[in-house]
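Written out below as structure tokens is the structure these notes cover.
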Amino acid sequence: MASYKNIVVLTGAGVSAESGVATFRDNGGLWEQHRIEDVATPEAFRRDPDMVQNFYNTRRAQLKNVEPNAAHTALGTLETKLDGQVTIVTQNVDNLHERGGSTNIIHMHGELGKVRCVCCRRVFLWPDDCDQASQCPNCFNQSALRPHIVWFGEMPFEMDRIESLLCACDLFISIGTSGSVYPAAGFVSLVRAAGTAHTIEVNLEPSDGASYFAETRHGEAGTLMPLLVEELLA
Ligand code: APR
């Protein structure tokens, strides 16, 4: 276990569940009382921008009241102490990996703490509420800022870089993701097709893609990840 030098970690909502951030598919199909398609699609934003902005404002505000858990901090420790490279590719839009001590993070589905302008395409750090009256700090257009979130039907960020990392890694760990949303759900197959990397799933229960992993560990990420990191650093 201690011989891995190039580790890619894919994370999903389950890694933040113990911090109190709601997952997407564990509540009868509702995410914070909303159907995903009512708040997380470009069509929803066109139909009712105020409602979608409000939804993300609430999620953004919630970030101030949650803390990284033992899984986030274990990954921070892994990056600091491993004699090699650790990259986190996260589907999560929260900032708990950063706050848990990780620095090498790709937010493939965007970040709650940022907005972007649909006119000039610039991305801005935005810690507070955003609405249709907010003005772009660069081109000064109004009604042009949207959450910097990848919605259903949109292309995830940095896919070329992610694919290169997956093909070059010697260990791929997937944590807290249901394995039901592509392209992330296909990463394990890509890793296995590319070479001989070991693959581990860490999830509360077997995910939809569990059978593609060479090794599976089922239980809470906050319990399992500190143990796994200890093994990797031994
Ligand atoms: N520890 C480990 N796994 C957990 C924990 C926990 N404490 N709690 C829940 N899980 C697992 C659940 O069993 C489930 O398999 O985390 C997974 C969360 O799955 P989803 O809610 O589907 O979240 P995710 O896979 O990240 O969703 C992918 O879908 O809605 C879109 O863009 C959104 O990024 C999101 C993407």
Side-chain angles (χ1 to χ4, degrees), residues 8-45 52 55-56 58-60 62-63 66-75 88-97 100 105-114 146-159 162 172-189 199-213 215-229:
V8 175
V9 182
L10 170 69
T11 65
V15 81
S16 296
E18 289 158 73
S19 295
V21 180
T23 56
F24 299 93
R25 291 177 182 77
D26 295 331
N27 309 299
L30 294 183
W31 176 30
E32 299 284 4
Q33 320 315 321
H34 293 263
R35 293 188 314 151
I36 289 178
E37 54 272 36
D38 289 343
V39 285
T41 61
E43 293 74 27
F45 189 57
V52 173
F55 178 79
Y56 286 98
T58 307
R59 306 278 78 71
R60 196 176 296 122
Q62 189 187 49
L63 285 187
V66 295
E67 296 296 330
N69 64 54
H72 298 109
T73 53
L75 288 168
I88 294 182
V89 178
T90 187
Q91 299 167 90
N92 297 346
V93 295
D94 65 49
N95 56 8
L96 294 174
H97 283 304
I105 306 164
I106 300 175
H107 279 276
M108 63 180 288
H109 288 172
E111 289 171 80
L112 265 178
K114 294 181 180 172
R146 56 160 280 181
H148 189 50
I149 301 284
V150 176
W151 287 322
F152 281 94
E154 298 182 323
M155 200 63 90
F157 297 138
E158 301 206 57
M159 282 308 299
I162 294 170
F172 173 70
I173 309 171
S174 170
I175 310 169
T177 177
S178 56
S180 56
V181 176
Y182 283 81
F187 288 176
V188 60
S189 303
T199 53
I200 307 177
E201 166 169 288
V202 175
N203 207 55
L204 198 56
E205 63 210 351
S207 75
D208 289 354
S211 62
Y212 296 110
F213 289 83
E215 182 182 345
T216 53
R217 299 183 179 200
H218 294 133
E220 293 193 323
T223 305
L224 296 178
M225 282 313 298
L227 299 173
L228 176 53
V229 165

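Every number for a ligand or one of its atoms is a count from 1 in the order of the listing.
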> Considering only heavy atoms of Ala13, which atoms of ligand 1 have at least one such atom less than 4.0 Å away?
Replying inline: 23 (O), 24 (P), 26 (O)
> Does any N or O in the side chain of Glu18 come within less than 3.5 Å of the main-chain N or O of Asn69, such that one atom is a donor and the other an acceptor?
Replying inline: no
> Going through the checks in order, is the side chain to side chain contact (heavy atoms under 4.5 Å, CB included) test met by Thr177 and Thr11?
Replying inline: CA-CA 6 Å; Thr177 177; Thr11 65; over 6 Å; no
>> If the cut-off is 4.0 Å to any non-hydrogen atom of Ala17, which atoms of ligand 1 fall inside it?
In response: 8 (N)
>> I'd like the name of whichever of Val93, Leu204, Val202, Ile36 reaches closest to atom 4 (C) of ligand 1 through any heavy atom.
In response: Leu204
> Of all the atoms in ligand 1, which lie at a distance below 4.0 Å from a heavy atom belonging to Gly219?
Replying inline: 1 (N), 2 (C)
> Donor-acceptor pair, Glu201 side chain versus Ser207 backbone, under 3.5 Å?
Replying inline: yes
> Do the ring planes of Trp151 and Phe45 sit parallel (below 30°), tilted (30 to 60°) or perpendicular (above 60°)?
Replying inline: tilted
>> Looking only at the side chains, is there a donor atom on one of Ser16 and His97 sitting less than 3.5 Å from an acceptor on the other?
In response: no
> With atoms numbered from 1 as shown, which atoms in ligand 1 lie under 4.0 angstrom from a non-hydrogen atom of Gly12?
Replying inline: 26 (O)
> Of all the atoms in ligand 1, which lie at a distance below 4.0 Å from a heavy atom belonging to His109?
Replying inline: 32 (O), 34 (O), 35 (C)
> Which ligand 1 atoms are under 4.0 Å away from a heavy-atom of Glu220?
Replying inline: 1 (N)
> Under a 4.0 Å heavy-atom limit, does Val181 contact ligand 1 with its side chain, its backbone, both, or neither?
Replying inline: side chain
> At a 4.0 Å threshold, what atoms of ligand 1 neighbour a non-hydrogen atom of Gly176?
Replying inline: 3 (N), 16 (O), 17 (C), 18 (C)
>> Angle between ring planes, Phe157 versus His148, binned at 30° and 60°: parallel, tilted or perpendicular?
In response: parallel
>> Distance under 4.0 Å to a non-hydrogen atom of Glu18: what atoms of ligand 1 satisfy this?
In response: 1 (N), 6 (C), 7 (N)
